[in-house]
2 protein chains.
Amino acid sequence: MAVIPKGEGRHHHGALRRALLDAVGEIVREAGPEAVTLRECARRAGVSHSAAAPHFGDKRGLLTAFVTEGEARLAAAMRAEVAALPTEADAAARLAATGRGYIGFARANPAHFRLMFRTDLIDRGDPAWRAAAEDGFAVLDQAMAEAVPGMDPRSRRARLALAWSTVHGFSTLRAEGVGELWQETVARDVVDLVVAACVGGDGFGGELVAPPPQPSPAQRGRESEE
Amino acid sequence: MAVIPKGEGRHHHGALRRALLDAVGEIVREAGPEAVTLRECARRAGVSHSAAAPHFGDKRGLLTAFVTEGEARLAAAMRAEVAALPTEADAAARLAATGRGYIGFARANPAHFRLMFRTDLIDRGDPAWRAAAEDGFAVLDQAMAEAVPGMDPRSRRARLALAWSTVHGFSTLRAEGVGELWQETVARDVVDLVVAACVGGDGFGGELVAPPPQPSPAQRGRESEE
DNA sequence: CGGAAAACTTGACAACGGTCAGTTTCGCGC
DNA sequence: GCGCGAAACTGACCGTTGTCAAGTTTTCCG
């Protein structure tokens, strides 16, 4: 049944690897990341409950392979949003487009996005995942580099952290359903604001000076969990 | 053994409710949110695994009660950071302090913080949790209101979403251990940048105009998960 | 064509969350 | 001071999960 892509087709089933990954996607879409079950995936793929082991090792392996594809699609979404820009768009507009791509991917695939940052469920040592994640980061990193050329390292670092934090926080809070201020128009405004904050001025905190980083008295309080 | 806080002590154990919540805290601190197990909590409290039912109903109830305390502590951390400011601090400085309080709490209690946003594990309909969460949000909301008085609703909304997204994204990415640019000095710079972006200018996106919110062609792509 | 390797199945195991009938303990009215 | 209703708590059971060990089937390749 169907062509075997050489070295992948075995036994009566064929492309089980693909079928299992698709099953994960289905379950994630229907019932969220926490509903993904090795046995349910096998059930949907029509195989026995431990058929995934030869392909993925354990549950972590399966989920890691799944989110690796998600990481690639996230990077592609950011690049696509930039590519959709008119040719005369400047670096700031491209940075904004990258941010919209990030947020847009999370909006279109909330459960997948949520799973991508469940570090307890995936193996961050996996080389394929690591490569995909670094590629995604590179998209944002490069967009920032082009938007603020020649900026000193500390300011660039701060702006990179700011941009990533903002789009990630927005996406997370929306995907998690916390509060109600995450409409699409707000998303665009937030991206515009953060881009303006990045490209405007070349200090690291505008007119606010950063005092030496001694811990504030309030922070040393009774909280010290780990 | 120990004094009974009236109406709470029963059987041979006494304040089981408190003991179970503390056990959750221990486990979360030692092994992360995903390691929390009803049976292990009961084990540490020295009771049988179904002893939690009368107090919390089910696992969700226990975790919800736990994160409700976390929500209160988060609000307290933000308020404490503001209170530690010199009296002559202006509204912008207080907004920044609030942000540092948010990030500081997440830094001091990363696992607790992570659990607080695991919407699959907690019951967001719980009245106590809802009240605590709204109180925490009110801290940020009020700090923003004082920092940008008389701003039009759309711009205020955008700035509120920006500020929350930023501190939350920063905290999440650091707690989740994604990437390596989340040092304390970067945290301060990011907060300063975002506060400057909020108080500076009264448009919603600085010099960037917001085009009508039609979906960009790149966004309508092949992604449509849910 | 035959043996080795890989894919897949089957069955077992410990641990989990939830439920239930029963037992123990407490608060409180008498 | 004493029972008695109510609540806390126990222990056993069920269905489900992830992982493992062993066996079976299929495919590849010499």
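Protein chains get the first letters and strands the later ones, always in sequence-line order, with residue 1 at the start of each.
Residues B/V178 and A/W164 have side chains in contact (heavy-atom distance under 4.5 Å, counting atoms from C-beta outward). With contacts defined as side-chain heavy-atom distances shorter than 4.5 Å, the pair B/E34/B/R114 qualifies.
Atom CG in A/D58 sits about 5 Å away from atom P in D/dT19, given to the nearest Å. The CG-P distance, from A/L38 to D/dT17, rounds to 10 Å in whole Å. Protein atom CZ of A/F56 is 11 Å distant from nucleotide atom P of C/dC8, rounded to whole Å. Following rounding to the nearest Å, B/L20 (CG) and D/dA8 (P) show an atom-to-atom distance of 12 Å. Straight-line distance from the CG atom of B/L16 to the C1' atom of D/dT10: 13 Å, rounded to whole Å. The nearest whole Å value for the distance from the CG atom in A/L63 to the C1' atom in D/dT17 is 14 Å. A/R39 has its CZ atom 13 Å from the P atom of C/dA12, to the nearest Å. Between B/R17 atom CZ and D/dC9 atom P the separation is 12 Å, expressed in whole Å.
Checked against D/dA8, D/dG18, C/dG17, the side chain of B/H55 finds its nearest nucleotide in D/dA8. The listed nucleotides are D/dC9, C/dT9, C/dG17; the one nearest the side chain of A/V47 is C/dT9.
The 12-atom threshold is exceeded at CD of B/E146, counting heavy atoms of other residues, nucleotides or ligands nearer than 6.0 Å.
Map B/G57 and A/S48 each onto its nearest nucleotide of DNA chain C; the residue landing nearer the 5' end is A/S48. Of the two residues contacting DNA chain D, namely A/R43 and A/S50, the nearest-nucleotide position lying further toward the 5' end is that of A/R43.
Among B/Q183, B/E184, B/E180, the single residue meeting the side-chain hydrogen bond (donor to acceptor under 3.5 Å, both in side chains) criterion with B/R174 is B/E184.
Within 3.5 Å, no donor on the side chain of B/H49 pairs with an acceptor on the base of C/dA15, nor the reverse.
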